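Heads up, the thing below is written out as structure tokens.
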Amino acid sequence: MALVKISEILGGDCTDKQVSVRGWVYRKRQGKELIFLVVRDATGVIQCTVKKANATAWAEAEKLTIESSLTLEGVAKPDTRAPGGYEIAAEAVSIIGLAEVFPIAKDKSEEFIRDMRHLWLRSRKMNVVMDVRAKVLEYSREYFRKTCFTEVSPPMFISAAVEGGSTLFGLKYFDQTLYLTQSSQLYLEILIYSLENVYCIAPSFRAEKSRTIRHLTEYWHMEAEWPFADMNDLMKFEEGLMEHICKRTAEDCQKEFAELGADISKLAQVQVPFPRITYAEAIDRLKAKNSALKWGDDLGYEDEKLLAEEFGKPFFVYDYPKAIKAFYCKTRRDQPEIALSVDMMVPRIGEISTGGQREEDKDQLIQRMKEQELKPEDYEWYLDLRRYGTVPHVGFGMGVERLLVWMLDLDNIIDAIPFPRTTRRFYP
RNA sequence: GCCGUCGUGGCUCAGCCCGGUAGAGCGGCUGGCUGUUAACCAGUCGGUCAAAGGUCCGAAUCCUUUCGACGGCGCCA
């Protein structure tokens, strides 16, 4: 008796063979002579039939409730009447854990599903999304490995802000106050002086009271940093990474996209080089669409969406006014008002990544800190990096969940992560 | 932080505008029936309408406050 995964049966590998599957009851329909059990495991769902003639199996099947766990044995065969095209004629059914009445049924609201997150994760939708998420992370690591990057593990507890202080989560650390990191960038910058090309995939925390479908207070941040590089190198790397992720996903995740009803064809359009426009060009394009924007304003979400609609695929906006960018952004030596910063935008979501060239000159860096009313003495170790063998270097950070929302056409970022944390929800 | 929508049995909703002590479907239970596709038919159990206060002879329905949920903007990834 071969113990198989449901996907093997659905792939036609077990036709007319005696098989055994383990999983949970997804649906049940009972008649006088026949019970249909739809059984799910991590790989898919399959319809199973239990006939009354088999008294032992029938008695077990009658007891089964939705979400009960079981082992089921029988012959796998193609059947046009079965969803998925294959069916198991059950010969033996064995209950492992009999479930109480499952609270999630056909009629369910967003609110209810969120309250039942720990059970909703069993749904086919969440199952498939988490599967693709894992693959996207694998493809990302593939690309980093291929391009000679070393994965590193930065701290989550930090003592000083990376971005502005307003969005930090503070916490009690014995008798002191520490913060949860908003970005691992500064720590990656430390590590480029030994490992050179480094990256991490780690959580970042933002205490922004954002109420949108694009924000989490805890999100996974894919960040990289490397020396001896400029803005062109940065954009080339980022578009190469995106192309690789999209290409591998398009190859390997067709069934998952089909089950979610997500458009996989857009991934094929992700090819290097990506369109690149400067901030000034973006403003001009938006002005042509009657926007009241003027040079110096930051791009809002609606502006980003307007631009993204024009391209219909990922693209870059670079060369921002330095006033709207962080202190560590290097400024152009020929145009001191311009920061060497670049955002990657995608349709429907807007920004999914921000990167740029970091200021490698100590005095310029101190000057930038003062302009933004930061105290250089709070960043002594960061300044040390410029004192001892400074190098031109670049880096970026991409929101993993935002990437997934775009790829999988998700309605809300909370569905891109198993246990979403938002301003109001953090259970379970 | 600002703005909007919503809160009725386990779940999804109707009723609210034009006040008179709650109605349907799903689920549960009982029975019937069917190669079914989150089937169908019959019966049955189940709520005092988020909370508090007010108006009124009378409030789920009108008014006030509070709480909660969801979304938009801003901020960002």
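Fair warning: this is a prediction, and the values are worked out from it, not measured in the lab.
In this structure, A:Tyr301 does not pack face-to-face on the six-membered ring of B:G74, missing the 5.5 Å centre cutoff or the 30° plane limit.
Scored by the side-chain contact (heavy atoms from CB on, under 4.5 Å) test, A:Pro273 finds A:Glu239 as partners (sequence neighbours excluded). Legend: residues meeting side-chain hydrogen bond (donor to acceptor under 3.5 Å, both in side chains) with A:Glu87, ordered by chain and number and at least two apart, are A:Gln47. Judged as a side-chain contact (heavy atoms from CB on, under 4.5 Å), and not counting sequence neighbours, the contacts of A:Ser68 are A:Val25, A:Leu64, A:Thr65, A:Leu98, A:Ala99. Judged as a ring-ring contact (aromatic ring centres under 6.0 Å, His included), and not counting sequence neighbours, A:Phe396 has no contacts. Evaluation of the ring-ring contact (aromatic ring centres under 6.0 Å, His included) rule for A:Phe149 yields A:Phe144, A:Trp226, A:Phe237 as partners, not counting sequence neighbours.
Applying the side-chain hydrogen bond (donor to acceptor under 3.5 Å, both in side chains) test to residues at least two apart or on different chains, the pairs with a partner in residues 50-60 of chain A are A:Glu60-A:Lys63. Annotation: salt bridge (Lys or Arg N to Asp or Glu O under 4.0 Å) contacts involving residues 404-423 of chain A, sequence neighbours excluded, comprise A:Arg117-A:Asp415, A:Lys125-A:Asp415, A:Glu218-A:Arg421, A:Lys266-A:Asp409.
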Indicate every side-chain donor-acceptor pair of residues 313-320 of chain A with a distance under 3.5 Å to a residue at least two apart or in another chain.
{"residue": "A:Asp319", "atom": "OD2", "partner": "A:Arg332", "partner atom": "NH1", "Å": "2.8"}
{"residue": "A:Tyr320", "atom": "OH", "partner": "A:Asp343", "partner atom": "OD2", "Å": "3.0"}

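Within the nucleic acid shown, A:Arg424 comes within 4.0 Å of at least one base atom, counting heavy atoms only. Note on A:Thr212: a base of the nucleic acid sits closer than 4.0 angstrom, heavy atoms only. Within 4.0 Å (heavy atoms only), A:Arg214 reaches at least one base atom of the nucleic acid. Contacts of A:Gly300 with the nucleic acid, taken as non-hydrogen atoms under 4.0 Å apart, involve only primed sugar atoms and P, OP1 or OP2. Heavy atoms of A:Asn412 sit under 4.0 angstrom from primed sugar atoms or phosphate atoms, though from no base atom. Here A:Ile104 lies out of heavy-atom contact (under 4.0 Å) with every strand. If you check every strand for non-hydrogen atoms under 4.0 Å, A:Gln47 touches a base. Residue A:Gln30 is in base contact, counting any heavy-atom pair closer than 4.0 Å across all strands shown. Counting any heavy atom pair closer than 4.0 Å across all strands shown, A:Asp343 reaches no nucleic acid atom. Contact annotation for A:Ser210: base contact, defined as any heavy-atom pair under 4.0 Å involving a base atom.
The CG atom of A:Leu180 sits 20 Å away from the P atom of B:C76 (whole-angstrom rounding). Following rounding to the nearest Å, A:Leu299 (CG) and B:A77 (P) show an atom-to-atom distance of 13 Å. The distance from atom CZ of A:Arg29 to atom P of B:C40 is 11 Å, rounded to the nearest whole Å.
Scanning residues 48-56 of chain A for heavy-atom distances under 4.0 Å to RNA chain B yields A:Thr49. Taking a 4.0 Å limit (strictly below) on heavy-atom distances, residues 63-98 of chain A reaches RNA chain B at A:Asp79, A:Arg81, A:Ala82, A:Pro83, A:Glu87.
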_Between A:Lys305 and A:Glu310, does the salt bridge (charged side-chain N to carboxylate O under 4.0 Å, His left out) criterion hold? Intermediate values first, please._
CA-CA 9 Å; A:Lys305 268 211 303 202; A:Glu310 279 186 48; over 6 Å; no

Quick one: which protein N/O atoms are closer than 3.5 Å to N/O atoms of nucleotides 9-13 of chain B? Pair and distance per line, please.
{"residue": "B:C11", "atom": "O2'", "partner": "A:Asp107", "partner atom": "O", "Å": "2.0"}
{"residue": "B:U12", "atom": "OP1", "partner": "A:Ser109", "partner atom": "N", "Å": "3.4"}
{"residue": "B:U12", "atom": "OP1", "partner": "A:Ser109", "partner atom": "OG", "Å": "2.2"}

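Minimum interatomic distance between A:Pro155 and A:Thr181 (heavy atoms only, all atoms of both residues): O-CG2, 3.8 Å.
Checking the phosphate oxygens (OP1, OP2) of B:U5, no side-chain nitrogen or oxygen of A:Arg211 falls inside 4.0 Å.
Among B:C33, B:A77, B:G35, the nucleotide with an atom closest to any side-chain atom of A:Lys32 is B:C33.
Taken together, the paired segments of RNA chain B that extend over three or more consecutive Watson-Crick or G-U pairs, each closer than 3.5 Å at both contacts, are B:1-7 with B:67-73, B:10-13 with B:23-26, B:28-32 with B:40-44, B:50-54 with B:62-66.
Each of A:Trp120 and A:Val101 was matched to the nucleotide of RNA chain B holding its nearest heavy atom; the match closer to the 5' end belongs to A:Val101.
Checked by atom type, the side-chain pair A:Glu208/A:Thr217 shows no donor-acceptor distance below 3.5 Å.
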